[in-house]
Amino acid sequence: MTDTKTSPKVENHAPEYDLEALLEAGCHFGHQVKRWHPKMAPYIYTAKNGVHIFDLAKTAEQMQLAYNRLYQLGKEGKQVIFVGTKRQAREIVKTSAKENGAMYIVSRWLGGLLTNWQQVGKSLKKMLKIEEDQEKDEYKNYTKYERVQIDKDRIRLERFFGGIRDMKKAPAAIFVVDPKREINAVLEAEKMGVEVIALADTDADPVNIDIVIPANDDAIASIELIVTEMAKAYGEGRKAK
C-alpha cells in the first residue's frame, strides 16, 4: 500500500471535496464492526449502532490523492481499467469509463487477464475477428443455425471483453470498486506490478492497494460520486496530453 506521506509529489489537479456532499452520498457508512479488517483502522472515525463510520476528511484526502494519480496516468497516455462487477456498480463504472476514455470490466474478472494475457488475448482477438467478419458479411453463405451460433459466441465474448477491446498489453493501473470482491484482480495486478487504486469499505484488506479511497462501496450514491470523479480525473488528464 502506498504511504501517502512518502509518495512522490504529483501535480495537484484535484478539487476540494465537500464533506457534506460525501455525507449525503452515504460515503461514511462502513460495515458492521464485527466484519471489519483491522488494517482499515486509520480511516475509521468511530462506530455507531454496531457500524463503523469513516473519517470523511481522510476519505476526501485520499480522493484527492487518487484523482491526481489518475490525472497523471491519463496525461501520460497510460491505460487504466476500471473494474466493478457488483450489481450496483456495473452501469456506473461502464458509463463513467466510456465517457472518459478508460477501459472497463463489469461482467467478471477473467483469471489470467494480466498474468496470462497471451492466452486470454486470443479470445479477445476472436471477438474482434467475428465482429470484422460480420461487418464484411463474410458469413452470408453459412446456414442460419451457424450464423446464430457465431453471434452467440460474439455476444458471450463481448460480455467479457467489450470494455477492454483496445487492450494490447497490461495496463498501468486498475481502479477497483470493492477490492474484497475483486481480490483476483488485485492479486494479479500486484503480481504484474500494476498499480491498484480502490474504493474500499471497512472489510477490505488494504495491504495490496496502492491508493485506498476509504468509503462505502455498497451504496449506489457513494459509488457514483467516487467513480465519476476518478474517471473524470483520468479523462481530464487525457485531454491535457
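Residue numbers run from 1 in the order of the sequence given. For the numbers below, each heavy atom of this structure counts, side chains included, while hydrogens, waters and symmetry mates do not.
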Side chains of [X] and [Y]: donor-acceptor distance under 3.5 Å anywhere?
| X | Y | value |
| --- | --- | --- |
| Asn100 | Glu236 | no |
| Tyr17 | Glu61 | no |
| Thr85 | Arg181 | yes |

*CA sep, side-chain torsions, deciding dist, call: Gln134, Asp151, side-chain hydrogen bond (donor to acceptor under 3.5 Å, both in side chains)*: CA-CA 9 Å; Gln134 285 181 327; Asp151 204 49; 3.0 Å; yes
Side-chain touch [X]/[Y], heavy atoms, less than 4.5 angstrom:
| X | Y | result |
| --- | --- | --- |
| Leu73 | Gln79 | no |
| Arg165 | Met103 | no |
| Arg69 | Glu195 | yes |
| His37 | Thr202 | no |
| Val80 | Leu70 | yes |
| Phe161 | Ser123 | yes |
| Phe82 | Met230 | yes |
| Glu158 | Glu131 | yes |

Please answer: with hydrophobic residues joined when any side-chain heavy atoms are less than 4.5 Å apart, are [X] and [Y] in the same cluster?
| X | Y | value |
| --- | --- | --- |
| Leu110 | Ile155 | no |
| Met192 | Ile174 | yes |
| Leu157 | Ile105 | yes |
| Phe29 | Leu56 | no |
| Leu23 | Met63 | yes |

[atom2] on [Y] to [atom1] on [X], rounded to 0.5 Å:
| X | Y | atom1 | atom2 | value |
| --- | --- | --- | --- | --- |
| Ile223 | Thr228 | CD1 | OG1 | 10.5 Å |
| Ile183 | Glu188 | CD1 | CD | 11.0 Å |
| Ile81 | Leu113 | CD1 | CG | 5.5 Å |
| Leu199 | Ile226 | CG | CD1 | 4.5 Å |
| Asp178 | Glu182 | CG | CD | 6.5 Å |
| Ile53 | His28 | CD1 | NE2 | 5.5 Å |

[X] side chain vs [Y] backbone, donor-acceptor pair below 3.5 Å:
| X | Y | result |
| --- | --- | --- |
| Lys39 | Val207 | no |
| Glu190 | Asn208 | no |
| Gln32 | Val51 | no |
| Asp218 | Ile220 | no |
| Gln62 | Val212 | yes |
| Asn216 | Gly30 | no |
| Ser96 | Ala231 | no |

*Run the salt bridge (charged side-chain N to carboxylate O under 4.0 Å, His left out) check on Asp153 and Arg156 step by step: do they pass?*
CA-CA 5 Å; Asp153 204 13; Arg156 179 184 62 82; 2.8 Å; yes
*How about Asp137: does its CG atom have over 12 heavy atoms from other parts shown lying under 6.0 Å from it?*
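Enclosed.
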*Shortest non-hydrogen contact from Leu114 to Pro171?*
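Between these two residues, the closest heavy atoms are CD2-CD, 3.5 Å.
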*asked:* Please find the pair of heavy atoms, one from Gly111 and one from Val120, that lie closest to each other, and give the distance.
replied: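 In this case the closest contact between Gly111 and Val120 is O-CG2, 4.1 Å.
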*Starting from the C-alpha separation in whole Å, work towards a yes-or-no answer on side-chain contact (heavy atoms from CB on, under 4.5 Å) for Tyr142 and Ile150.*
CA-CA 10 Å; Tyr142 284 51; Ile150 289 169; 3.8 Å; yes
*Going through the checks in order, is the side-chain contact (heavy atoms from CB on, under 4.5 Å) test met by Val83 and Val93?*
CA-CA 7 Å; Val83 183; Val93 168; over 6 Å; no
_Ile211 and its side-chain contact (heavy atoms from CB on, under 4.5 Å) partner, picked from Val196, Leu65, Asn68_ =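 So, applying the side-chain contact (heavy atoms from CB on, under 4.5 Å) to Ile211 and each of Val196, Leu65, Asn68, only Leu65 qualifies.
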*Any chance you could lay out the side-chain contact (heavy atoms from CB on, under 4.5 Å) test for Val227 and Phe175, step after step, and finish with the verdict?*
CA-CA 9 Å; Val227 170; Phe175 175 90; 3.9 Å; yes
*Checking salt bridge (charged side-chain N to carboxylate O under 4.0 Å, His left out) for the pair Asp217/Lys86: CA distance, chi angles, key distance, verdict?*
CA-CA 10 Å; Asp217 66 9; Lys86 64 200 306 181; 3.6 Å; yes
_Test side-chain contact (heavy atoms from CB on, under 4.5 Å) on Glu91 and Val106; report intermediate values, then the result._
CA-CA 8 Å; Glu91 196 56 40; Val106 295; over 6 Å; no
*Begin from the C-alpha positions of Glu132 and Lys136 and carry the test salt bridge (charged side-chain N to carboxylate O under 4.0 Å, His left out) through to its verdict.*
CA-CA 6 Å; Glu132 181 183 351; Lys136 293 179 179 178; 2.9 Å; yes
